[in-house]
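No hydrogens, no waters, no symmetry mates; every other heavy atom, side chains included, goes into these values. Chain letters run A, B, ... following the sequence lines, proteins first and then strands; every chain starts at 1.
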Amino acid sequence: MMIRPYGDTLNDGAVQMSFTLPVAHSAKADEAAILFGKKLGFKEVEVVHSNPLSDEFTFFVVYGKTEISIDYDKVVVEEVEKSLDFYGVNNFIKENIKRKIVVVGACSGTDAHTVGIDAIMNMKGFDQHYGLERYPMIEAFNLGAQVPNEDLIKKAIALKADAILISQIVTQKDVHIQNLTEFIELLEAEGLRSKMVVCAGGPRIGNKLALELGYDAGFGRGTYPENVASFIVEKMHERGVK
Amino acid sequence: MMIRPYGDTLNDGAVQMSFTLPVAHSAKADEAAILFGKKLGFKEVEVVHSNPLSDEFTFFVVYGKTEISIDYDKVVVEEVEKSLDFYGVNNFIKENIKRKIVVVGACSGTDAHTVGIDAIMNMKGFDQHYGLERYPMIEAFNLGAQVPNEDLIKKAIALKADAILISQIVTQKDVHIQNLTEFIELLEAEGLRSKMVVCAGGPRIGNKLALELGYDAGFGRGTYPENVASFIVEKMHERGVK
Amino acid sequence: MTKSKLNLDTDKIAKARELSKQITAPVQKYIEKHTTVAIERTTLRMMGADGVDSIGVPIPNMVVDQIGDHICYGAAKYYINALLKKGVTPEELNNEIANGLDLTKIDFVDFSYIEEKAQELVEAFATKVKANVAYRAEKINTYKEKENSPLLYLIVATGNIYEDVKQAQAAAKQGADIIAVIRTTGQSLLDFVPFGPTTEGFGGTYATQENFKIMRKALDETGEEIGKYIRLVNYCSGLCMPEIAVMGALERLDMMLNDSMYGILFRDINMYRTFVDQKFSRMINSFAGIVINSGEDNYLTTSDAVEKAYTVTASQFINERFAYESGLPARLMGLGHAFEMNPDIKNGFLLEMAQAQMASEIFPEAPLKYMPPTKYMTGDIFKGLAMNTLFNFIAKSTNQGILLLGMLTEAVHTPFMQDRFLAVANAKYVLNNMADFSDDIEFKKDGIMQTRAKVVLDETIEFLEEINKTDLFNAIESKMFAEVSRPKNGGKGLSGVAEKAQDYYNPFYTYLENELNIVKEGNKL
Amino acid sequence: MTKSKLNLDTDKIAKARELSKQITAPVQKYIEKHTTVAIERTTLRMMGADGVDSIGVPIPNMVVDQIGDHICYGAAKYYINALLKKGVTPEELNNEIANGLDLTKIDFVDFSYIEEKAQELVEAFATKVKANVAYRAEKINTYKEKENSPLLYLIVATGNIYEDVKQAQAAAKQGADIIAVIRTTGQSLLDFVPFGPTTEGFGGTYATQENFKIMRKALDETGEEIGKYIRLVNYCSGLCMPEIAVMGALERLDMMLNDSMYGILFRDINMYRTFVDQKFSRMINSFAGIVINSGEDNYLTTSDAVEKAYTVTASQFINERFAYESGLPARLMGLGHAFEMNPDIKNGFLLEMAQAQMASEIFPEAPLKYMPPTKYMTGDIFKGLAMNTLFNFIAKSTNQGILLLGMLTEAVHTPFMQDRFLAVANAKYVLNNMADFSDDIEFKKDGIMQTRAKVVLDETIEFLEEINKTDLFNAIESKMFAEVSRPKNGGKGLSGVAEKAQDYYNPFYTYLENELNIVKEGNKL
Ligand code: B12
Ligand code: B12
Ligand SMILES: Cc1ncc(COP(=O)(O)O)c(C=O)c1O
Ligand SMILES: Cc1ncc(COP(=O)(O)O)c(C=O)c1O
């Protein structure tokens, strides 16, 4: 099924955009915005608003209609779409792994945003979903924020971790990618990569990106503790971990 | 000079978008939004928000970065960028045309939005800019709204119009294009096209569009009376009208 | 009830009401003496006249055309006579008319038979409408607590009834309480109602009985699914005002845009025609429990909202009076006003709040219809959203009844599905976040807001006095409303007005007058 | 001054102030007895120590390293001694240090010469800073009426000082009154201040003296162009708190994020180190007429804003007390708080307004710094914009001093240029549109807002009493603030604290104590 955006009629291809161009505000600038919209593949482009941000920059609000469409049937998501719940995860561990599993998590590098990893790991959890610490079959260790990659690995070894959870919130200049890559390289250097389930998470982290960087999975905005717990235990089971 | 959008660094190509896709809200839908963004030419695409609008539609807020750029030096605007003011227009007429000119205007077809044409023609004008009725050298006739094309032409002939101004505000299903096209065809059928300066205007009307439809000029949002007055008199002069 | 914040002088309010009564009295006299082609077509529809002929002319129009000048006697007896004489059902009769039957060519039966049959037809009509009223009341009662307060009103305007349905259902799921199907541009000037489902309109969809039915069904379905009664709105306005009222009564619409002067001022429809039509349309709306929405907001799309605020208030008083005269109770009066001041005005928010609060204190029982910013909306959708946020804030804190949600793209296009969603989300956020703000504050004595309301009320009274002096017809002619002049005998539709004959006969009109306890102007003293 | 809306019990407010005094007293005692590497480096900078050696170590750090344990005598005399002995200017001395000169290897001159030279250096420093204060005062005075009220505060955070400049100038032209250059993540944990212009930071730009200079110049230029004094902000926080204060004093910064406990709680810096450093940093800020911004908003990024509102108020009292003890007048206290409640809370707006109004009534002279929603911002930029709109509304109607503008993309990225523009436009619209709203309303007696403020004040007092019972050090250790525990001897930087020797010498500290009329804890009774 080919789909394209819907404004008020099927397949009208309507999209709202806003952006800034590094030119002074003028009729020419408006025209440039239209041309830019056309180059993006819009057939009809209207600059419905523009105003100067300074002598050298202009802001535009633009509506466009495009004939570009994508084949929805061909869209593939490598996403853990279904997930066990709190009880499901604990039962799954009891039945299949038959011992408590150890999960170590941290917000690594210079990143100091603990709220995300806390939401996943702390007792209290998030939005009425218990965190991993509350799972009877999980021993969860939340190392907090600003944990250097080396320390995280050391700690994981010491605690005999089955899984490592890394949170990365700051993404400016791709600092998260550098940091996540460094971690995996260190882990591989230690020969531990295949022994642990390793997940990354954060609002700008997708499953795709995480896979590309060598992680087992990535979890974005709106993740609940059971989503990652469920993934970990199924992955462990799949790998035959006992 | 090649330019592209600016988010917080020159040439980062950052654009904000929002649109709706005709699919249920799901991880797959998010992925579809990303693919759509990529197909528009964005290298990095992030769905920062998505939510269902109904069981069959999902709304997305997306940020993307593109390498698509346009050559600003090659942007051409056929826009009356400079304009005489109230006094300039009157003097120009006195000096060059040497008689009062007649301008007839209306909001035509089924369109009932008078505010725009009133802003241009009525005494009071708009935003402290006098309307054409106040110009000593212009005889302005505002026929109001919902004027059928035939009536407008009849009236223009009767009043010996030098210029006709047409306002079109409603644009849904391109009703303005149909209407503007019909008018020009009628005018040509009457053999009058070359005898009059004909301008279209309205918030969704650009100069480009108007030229394509066979008008002498088009005037969009934020037009002041003197902009069109100035265009009319210069055009008349250019055509050697006395 | 919240206690008064504005400390308005109740004597002044009473004075304004008294003036409106005086202003509308001569108009009422005129109304009583006249009928119109639209009223007669409406009466025909109430009896079952419906359908179109082979070239699309509606049966009610055909009948009225046949009757011609004789509509001064009322169309009812012609149609009833034919039913009796032919011994057919209305459906059958409609078919015959479509095929060329001329009702004026049929001999009359004895009038007592006509009266008897009329009784039956009136009852049949009344039963249907009463069933609708009961159904609505029950559903609203059952699902009461899911309703927003104010009710959230959203428009659909695709031009295609089937697309409208999709968008309306989505809007209802998102939280709308009310769906208005915007009418295509131009329909108000048609002197007939198009027939059947339609898919081609500009800036809106044709109002047809079939479209009403389609949308009603769709909203009922969605309503059941989400456990809510979704109200449906259309336009009871233009040259077919009462006809659309009856279609709405039959198809269980819940609200109708219906103003006593809108057509005159904004569509250049003749004033006599409009006044006569609006009365009957309101009687029907009242009987069908339909909330009317008056159109004071329209003044502010051309006039300045600060300077001309008093015209809004004056028109509310006049609309109220006309509504009472049509038997419409206050709880069905969705009197209109709008948030249309220039956003650059210092303390504009206070002036808007004063105005909205004033309306709410003067018309405490009326479910006021509050219109969002439109005129000062621009392509800057982000600014527009902020304006809508403050608008929603005022709506809640001044206890409005019906909140017409503003679209961030108001200046750009008729709403996209996502625009509607963003509007509902915004309203829900604001309404909940400052739910009891109004109860938690008082206005400063003689502060900006109290003073503003006082000034506007004074101006309103002054204005009503002027109108009363010259009379309403002359006032309209002399540009006193909306800065347009409408000559008494100008505009569309005057030829459709006829003076009633002595023995004018309209059993439905009479029935409704009785049901609604309407005291005729003539009988008043 | 607007009269009280909340009707708070003034005895309770006095009680809270008295408790804070008791709470900070033992801390003051500790502070008086200690110095830190940062204080000594600061003192060195005040005398002219600056620059870096070939591997980038700053001169002040080199000197303090050389002195080692002897910083208990103060670093000043070593540097002054070297100046005298070598007969060089500070610049020349810095060069020699960079090339390996060890100050501790130089014999001491007679102490009276040192004191005499110190006098001269203090004077030079004071003259510079006083000139800055005078310049700022004059400009602000000249351009007064162009300022927004509250002042609009915008951040730039590109990581590159030259990009920051572009964005800052654009923001100023759009209407910002204040520009804050956000600091790169991680800098607060560096025990030195980087040197020179920098172009590589994450989520912010390094705070260096050169970066300060570059931005100051750029803003002065734009300010002159648009006829406004643009205030510049940076972070006087982390392990180099007082050093950055002095850099700011010299480069005419106008505001500094500077909290008495932020570093402890949110950066895990040792508490003793922080308390000692913050005092000197505030003395410098005070002398330089720099408004401090405290960081109470940070509590709410991890704790719930409804439940833990009292921690904000308590911290404001504590920050206020510490500030007084450092000679900082109320007019320089930008006490912090934030609009961080869950937007889904019914009447959340009222709770936020009560909190903001309370801060404003308790600290009437302080230019309160009001932080926008961040925690509940999502990728739904349209909802975010609405939240910012209500936030701006409350800021204006509760008379906040410094309005940190919210970004609709808060949950997405550090601000784009257009985000900043939209924020200013929104604030300007709201502030103007409801300019005098606050003056025009009163709060209902014992209504939701009055009750809420009363409850929070009561909770604050209870909380302060608990802290007072256990003492502030223990309170921090036992998780009473921000739900984190910080052990007394844990965290970064404790090794940089030293007990002052009997003959500790710091002519700058002494000079400022006198200038600012600071009564020592020891001398109090
Ligand atoms: C709170 C906050 C702070 C607090 C952090 C307090 C704390 N103890 O965590 C404070 C004030 C200290 C702070 C500081 C800074 N912040 Co901050 N902060 C935020 C804020 C407002 C909320 C983040 C949050 O708590 N979200 C709520 C949680 C629950 O969501 P979440 O993190 O996305 O987590 C969920 C999922 O992503 C997922 N998840 C997350 N991690 C993981 C890991 C795994 C394994 C799994 C399975 C799932 C998972 O599950 C969670 C639950 O669903 C955001 C803006 C925003 N509204 O998002 C900015 C924001 C993240 N901060 C930002 C910045 C730049 C900073 C600073 C660098 C600014 C500066 N220069 O000083 C500093 C430095 C901090 C540092 N060294 O990292 C930027 C990041 C921009 C970017 N994309 O690069 C943001 C987006 C604000 C902005 N627009 O500028 N910040
Ligand atoms: C006021 C208004 C009305 C009033 C009009 C009153 C009147 N007497 O004009 C009323 C309430 C009657 C009305 C009705 C309708 N409206 Co209306 N209305 C508006 C509104 C709010 C403002 C328009 C306006 O006055 N702008 C101010 C003037 C000064 O600006 P302007 O028209 O752009 O004119 C300037 C320039 O464009 C230019 N210009 C314009 N014409 C010309 C001509 C020439 C020759 C030149 C040189 C320059 C020029 O100069 C002017 C000054 O700078 C807009 C929304 C908005 N905020 O824009 C909707 C809007 C235009 N309406 C709309 C619609 C759909 C309708 C209806 C069809 C709805 C319905 N189904 O009932 C009806 C039908 C009217 C009809 N038959 O045409 C849509 C149009 C959508 C579209 N793009 O197709 C809009 C955009 C609202 C929306 N989002 O749905 N409307
Ligand atoms: C009371 C009233 N009636 C009717 C309409 C629409 O009228 P028309 O169908 O004539 O465009 C409006 C406009 O919004 C209105 O306010
Ligand atoms: C008072 C205070 N200081 C400092 C900072 C920033 O600290 P850092 O530089 O440690 O990230 C903040 C956070 O916004 C703050 O509120």
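Shown here for A/Met121 and A/Phe141, the closest heavy-atom pair between the two residues is CE-O, 3.5 Å. Among all heavy-atom pairs drawn from D/Thr205 and D/Ile161, the shortest one is CG2-N, 3.9 Å.
Each of D/Arg420, D/Lys166, D/His413, D/Met417 has some count of heavy-atom pairs under 4.5 Å with chain A, and the biggest count is that of D/Met417. The choice from A/Val115, A/Thr110, A/Asp118, A/Val175 that makes the most heavy-atom pairs within less than 4.5 Å of chain D is A/Val175. Ranked by heavy-atom pairs under 4.5 Å with chain A, the first of D/Val424, D/Leu422, D/Thr301 is D/Leu422. The residue among D/Gly203, D/Gly186, D/Gly379 with the most heavy atom pairs within less than 4.5 Å of chain A is D/Gly203.
In this structure, chain D has a heavy atom under 4.5 Å from the side chain of A/Arg204, while its backbone stays farther away. Neither the backbone nor the side chain of D/Thr378 comes within less than 4.5 Å of any heavy atom of chain A. Only the backbone of D/Ala157 comes within less than 4.5 Å of a heavy atom in chain A; its side chain stays farther off. Residue contact with chain A, scored on non-hydrogen atoms closer than 4.5 Å, involves the backbone of D/Ala411 exclusively. Using a 4.5 Å cut-off between heavy atoms, D/Glu225 contacts chain A through its side chain alone, with no backbone atom that close.
A salt bridge between D/Lys217 and D/Glu221 is present, with a side-chain N of the basic residue lying under 4.0 Å from a carboxylate O of the acidic one. Using a cut-off of 4.0 Å between Lys/Arg side-chain N and Asp/Glu carboxylate O, D/Lys173 and A/Asp55 are scored as salt-bridged. Salt-bridge annotation for D/Lys383 and D/Asp344: present, with a side-chain N of the basic residue lying under 4.0 Å from a carboxylate O of the acidic one.
Here the straight-line distance linking atom CZ of D/Arg267 with atom OH of D/Tyr262 works out to 3.5 Å at 0.5 Å rounding.
Without hydrogens or angle criteria, D/Asn148 side chain to D/Gly175 main chain gives a donor-acceptor distance under 3.5 Å.
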